[in-house]
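Right, one structure below, let's go through it.
Protein chains get the first letters and strands the later ones, always in sequence-line order, with residue 1 at the start of each. Just so you know, these numbers use all the heavy atoms, side chains as well, and skip hydrogens, waters and symmetry mates.
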Amino acid sequence: MKNLVILGAGTAGTMIANKLRHRLDRGGWSITIVDRDDEHHYQPGYLFVPFGRYSHEQVVRSRHTFLPDGVDFMTATVDRVDAEANVVLLEDGRRLGYDQLVIATGTTPRPGQTPGVLDGEWRRSIFDFYTLEGAEALARALQELDSGRLVVHITEMPIKCPVAPLEFTFLADDWLRKRGIRDRVELVYVTPLDGAFTKPVASARLGGMLDERKVLVETDFMIERVDPERKMLVSYDEREIPFDLLVTIPLNMGADFVARSGLGDELNYVPVDQRTLLSKKYDNVFAVGDASDIPASKAGSVAHFSVEIFVDNFLEHIAGLPMSGAFDGHANCFVESGDGKALLIDFNYDTEPLPGKYPLPLVGPMDLLRETRTNHLGKLAFRWIYWNVLLPGRPVPLPALMSMTGKQMPPTEITHTHQTTRTDQREM
Amino acid sequence: MPVTTIADHDIHVDAEGFMTEYDEWNQQLGAALAAQIGIEMTPEHWKVVDFLRTDYKDQGETATLRRVSTVGGLPTKQLFVLFPKKPAKKMAYVAGLPKPRGCV
């Protein structure tokens with residue numbers, strides 16, 4: 001009997017357990033999945049919690065109810081992986097030997113990594129919404145807000161769901177407007193990037209939406225510390241941004257056991273081949289979902305699309321065959337924009353988000369990079385799809401690899417093959 | 001890929017002017033690239049550039065600010081002094097490496 005051990009029963013781990021239990025011979029392979037608790041959170045739902053639109057019950061279910069018979073679910077904390085010996089050591093002293101290991105332990109916000117964040121003002125005037133407790137605490141703080149500076153801040157990329165801070169800002173603008181206090185609250189968006197988003201076409205579109213909503217944007221802001229007494233963000237180049245209410249996206253890092261096991265990079269992400277998700281160091285260790293270092297968004301959609309490719313590859317790999325599937329970094333995200341509307345973006349490693357129609361060319365019904373009600377309804381409907389179709393590993397009628405059909409190409413720049421000597425100073 | 005001439009060297013660059021061929025770089029070119037963005041190279045600057053180039057050779061990608069400080073031991077604060085305002089971009093530009101990805 002061979003053992004597949006999956007660490008993490010989140011989006012990627014749960015989908016893999018479901019799909020592989022149906023595909024692996026029960027007499028030949030056991031599947032064990034480990035998580036520290038039995039609470040599966042629908043993390044995209046956190047966004048709506050601060051505005052009182054989703055309750056605790058709507059975003060939390062038991063992990064074990066999504067796992068099939070024939071998969072052992074263990075609640076335990078991982079101490080470390082001894083990849084040379086093919087064994088997982090648990091904190092309670094148990095040892096799990098494996099033939100194949102899948103690390104799917106995701107990424108978590110680390111507010112303690114920025115000096116000053118946890119000193120005194122945390123959960124008083126400084127909040128996050130990337131945890132359920134944070135989102136719930138922020139809901140209470142927003143109820144008490146009636147004037148001042150509301151600052152939305154990203155510490156450092158990469159973060160889980162890179163569009164969520166923008167969505168929060170759009171929803172906050174809408175929420176303040178509906179309460180009739182938008183003119184008394186200054187809304188500020190602070191980012192380490194040089195624009196609203198990472199990719200040019202979407203950055204221009206989303207940046208324009210911040211302007212339309214009179215949101216002040218501070219770019220290239222690399223935070224050094226928070227001064228809790230003066231309620232100030234301080235950057236490495238000594239810019240200061242005052243706040244009355246700070247909503248920060250802390251530094252995101254992979255699980256600490258990854259570092260203890262010597263399997264991670266400087267942010268505890270597992271270096272893998274970006275097409276196959278196989279560890280660069282060990283031939284029987286994969287990292288799927290947010291836990292890997294692939295240059296794609298850390299998002300449920302990426303976990304979902306990559307699992308589709310991973311499962312077939314994994315079966316080839318254990319049969320001693322070369323892996324024939326290649327993940328392309330496909331991500332697909334709804335972007336809530338307030339007032340009952342949303343945008344949709346669809347992109348991968350090589351192609352940035354572009355306008356067009358999705359999933360069917362010309363027909364849609366979703367519009368890419370444009371605010372519509374249909375997109376918003378799509379976002380709300382997705383919670384049902386997530387619990388009932390996606391996690392159980394049922395087929396979702398969306399292609400795993402990104403398609404260019406239905407997308408509008410941006411006008412291409414004419415590039416000169418040879419430029420003359422440049423002696424002038426460059427802007428950067 | 002466009003070709004440009006800097007300090008009498010023909011080099012391949014991307015649309016933003018970042019060099020695309022690792023082996024086309026040398027120190028003289030690094031100094032010329034630095035001058036173009038208003039930076040005069042000192043031994044401290046070279047220490048950063050050396051780390052970036054060595055790390056790129058090992059990892060196949062440009063180190064982020066965090067990696068330069070945690071792995072290279074060069075404090076972020078100092079990087080902002082040496083390469084003001086946009087250190088990640090400027091360091092990569094001078095070191096003849098692609099813009100660090102970091103941002104997805």
Side-chain angles (χ1 to χ4, degrees), chain A residues 113 154-159 162 191-195 197-200 203 219-225 234-239 251 253 265-267 271 274 280 293-299 302 329 331 347-349 352 412-428, chain B residues 1-18 32-39 55 58-73 75-94 98-104:
Chain A
Q113 293 282 329
I154 301 168
T155 302
E156 192 173 312
M157 301 303 280
I159 55 168
T191 170
L193 301 174
D194 58 9
F197 192 57
T198 54
K199 317 270 176 153
S203 184
T219 57
D220 295 306
F221 191 91
M222 279 293 290
I223 191 166
E224 182 185 13
R225 62 193 166 88
V234 184
S235 70
Y236 281 108
D237 55 1
E238 284 157 21
R239 277 179 281 163
L251 180 71
M253 289 176 77
D265 65 9
E266 64 279 6
L267 288 171
Q274 64 180 49
K280 287 180 176 169
D293 77 334
I294 61 170
S297 291
K298 298 203 174 291
V302 175
F347 56 111
N348 69 10
Y349 291 139
E352 61 170 317
T412 44
E413 285 173 48
I414 299 160
T415 45
H416 300 286
T417 50
H418 202 104
Q419 295 167 346
T420 49
T421 309
R422 310 179 57 159
T423 48
D424 54 325
Q425 291 254 314
R426 288 180 62 88
E427 282 290 316
M428 193 167 274
Chain B
M1 286 293 166
V3 174
T4 189
T5 309
I6 288 175
D8 296 329
H9 293 76
D10 281 350
I11 53 170
H12 291 82
V13 294
D14 68 9
E16 291 179 87
F18 287 80
L33 289 166
Q36 284 208 328
I37 55 171
I39 288 171
D55 191 64
D58 294 344
Q59 304 293 323
E61 58 191 74
T62 307
T64 57
L65 289 183
R66 173 161 298 272
R67 189 169 171 85
V68 176
S69 71
T70 56
V71 181
T76 306
K77 188 89 180 169
Q78 191 195 354
L79 301 177
F80 271 88
V81 174
L82 295 172
F83 300 91
K85 289 198 163 44
K86 300 194 182 194
K89 263 181 153 179
K90 288 183 176 178
M91 293 178 328
Y93 181 75
V94 173
K99 196 164 78 170
R101 69 180 200 207
C103 345
V104 270

Who are the ring pair (Phe, Tyr, Trp, His ring centres under 6.0 Å) partners of A:Phe221, not counting sequence neighbours?
none

Determine, step by step, whether B:Thr64 and A:Glu156 satisfy the side-chain contact (heavy atoms from CB on, under 4.5 Å) criterion, reporting the C-alpha distance in whole Å, the side-chain angles of both residues, the deciding distance to 0.1 Å, and the verdict.
CA-CA 10 Å; B:Thr64 57; A:Glu156 192 173 312; 5.6 Å; no

For residues 78-88 of chain B, please give each side-chain donor-acceptor pair under 3.5 Å, one per line with the distance, not counting sequence neighbours.
residue	atom	partner	partner atom	Å
B:Gln78	NE2	B:Glu44	OE1	2.7
B:Lys86	NZ	A:Asp220	OD2	3.1

Can you measure from NZ (B:Lys77) to CE (A:Met222) and round to the nearest 0.5 angstrom?
12.0 Å

Can you tell which of B:Leu65, B:Thr76, B:Val71 has the highest number of heavy-atom pairs within less than 4.5 Å of chain A?
B:Thr76

Nearest 0.5 Å please: distance from the CZ atom of B:Arg66 over to the CD atom of A:Gln113.
6.0 Å

Could you tell me whether A:Asp265 and B:Arg67 have a side-chain N and a carboxylate O separated by less than 4.0 Å?
no

